[in-house]
Number of protein chains: 2
Amino acid sequence: MTSRPAGAAAGPAAPAGPPNPRRAEILGAAAELFARRGYHGVSIGDLGRAVGLTGPALYRHFSGKEAVLAEMLLDISERLLAEGVRRAADPDPGRALDALLRWHIAFALDNPALITVHERELDNVPEPQRHRIRRLQRAYVEEWVAVLRRLHPGLRDGRTRAAVHACFGLLNSTPRSAAGLDRDAMGELLQTMARAALDAAGREAG
Amino acid sequence: MTSRPAGAAAGPAAPAGPPNPRRAEILGAAAELFARRGYHGVSIGDLGRAVGLTGPALYRHFSGKEAVLAEMLLDISERLLAEGVRRAADPDPGRALDALLRWHIAFALDNPALITVHERELDNVPEPQRHRIRRLQRAYVEEWVAVLRRLHPGLRDGRTRAAVHACFGLLNSTPRSAAGLDRDAMGELLQTMARAALDAAGREAG
DNA sequence: CGCCGATGTTAATCACCGTTAACAACCTTA
DNA sequence: TAAGGTTGTTAACGGTGATTAACATCGGCG
């Protein structure tokens, strides 16, 4: 009875198999809506309408509203961490930090809605998967902390972690201030400011 | 028929008169809940329960859920702007910037929930008052922009505004990273990082 | 052709939410 | 003490939301 024909998205349970275009479309629209109005401010009807469907049609692709959010956050966290690990591996901590900054900035500039949701909506993910996402998020932070510790030895642990979080706050402000500057100018500005902020954090009161 | 006995909070309409302790209590609890779960994630019942009442009791003090949020945001915006104007008035732009930073950091550290709501929930305020709050928020930003322009002449306008928003992102990250550091250490760290970030923004590519 | 799984739709269910109504207790005060 | 305003409570109303059920369509394929 449970013979899934090897790859087709037969059930709305598992997010495996070949990428279903409908799923991706829904996830994209959901990101925009969740970012703009917040998870609780978006109804299933809104979600369906955003991709030209009625509300209940969504259950053909996801097991529910929470599942949409969970898959979205899981995907973001995995992408951020995977590339973060890669960039943090540079033996020169200064270059590693710049590479991390460029990565995070590019991601935020290209996916402002995703970054916003990633920052705000973790609490609305049901418990089985919330822990997994939180672990990924923490691991991503740890990549930054490790690089920063190599770059500024003698920096206290709590201070390092706080500095990284403050840096994320700076970088993730992009969606709220996209006005005026084009993408490249904005990216360069954020890189400059963030690098200066982190260096200053490492310089004083180590 | 509309003889309000001069000062007593007779109707739930106007937020004037002597400060009603119940109103303040509700506003405080609402700030925590809105910050943690988002405006739409908090029900009237939650709000009442948080101050030891039932849901409908709230209507003795506010005309509705939206009015709670509106009054909260209006109050925050006014407080931020009033003191911001005062501090920006220092003729030395460097001192003015440091004073602005100290003010905003102190506010964020002392009222993490308020800063979060102020940053996220403007869209849920009904239209008569949303414009007023937005004007106050913009005026506050303009104080920062003006000081930064005095400090770093030749800085382009769009870049200045973007830098200020990025700085707010950094400072407002406090509620998401309060762990580890005590209040004073955190304040000093934020001051250091923000000042370095803004100076770097003003230094390059003016 | 005729079955079937995938993908939609509309109608129905059930909970919850914001709000209002109706009623009670209390405090002041004329 | 009686009246009235203040601040609660519980019950009721109308709307909406998430989810499920029942039914339609359609494309591939035996």
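Residue numbers start from 1 in every chain, and the chains themselves are labelled A, B, ... in the order their sequence lines are given, proteins ahead of strands. Everything numeric here is computed off the predicted structure, so don't read it as measured data.
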Any side-chain heavy atom of [X] within less than 4.5 Å of one from [Y]?
X	Y	value
L198(A)	M193(B)	yes
R79(A)	F107(A)	yes
E119(A)	R176(B)	yes

Problem - OP1 or OP2 of dT9(C) under 4.0 Å from side-chain N/O of T54(A) - result: yes
Problem - Below 4.0 Å: OP1/OP2 of dT9(D) and any side-chain N or O of R60(B) - result: no
Completion exercise
Expected string for nucleotides 15-20 of chain C under the B/S/- scheme (protein heavy atoms, under 4.0 Å, primed atoms plus P, OP1, OP2 as sugar-phosphate) is --SSBB
Practice task
Supply the atom-to-atom distance R87(B) CZ to D90(B) CG, rounded to the nearest 0.5 angstrom.
Solution key: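 Spacing of CZ (R87(B)) from CG (D90(B)) equals 11.0 Å.
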Atom pair distance, as rounded to whole Å: [atom1] in [X] and [atom2] in [N]:
X	N	atom1	atom2	answer
L47(A)	dT19(D)	CG	P	11 Å
R23(A)	dA6(C)	CZ	P	14 Å
F62(A)	dG8(C)	CZ	P	12 Å
E25(A)	dT7(C)	CD	P	13 Å
I26(A)	dA6(C)	CD1	P	16 Å
L58(A)	dT19(D)	CG	P	9 Å

Practice task
Might you point out which heavy atoms bring E143(A) and A88(A) nearest each other, and give the distance in Å?
Solution key: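 Heavy atoms of E143(A) and A88(A) come nearest at OE1-CB, 3.3 Å.
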Problem - Neighbour count above 12 (heavy atom, 6.0 Å) for R132(B) CZ - result: no
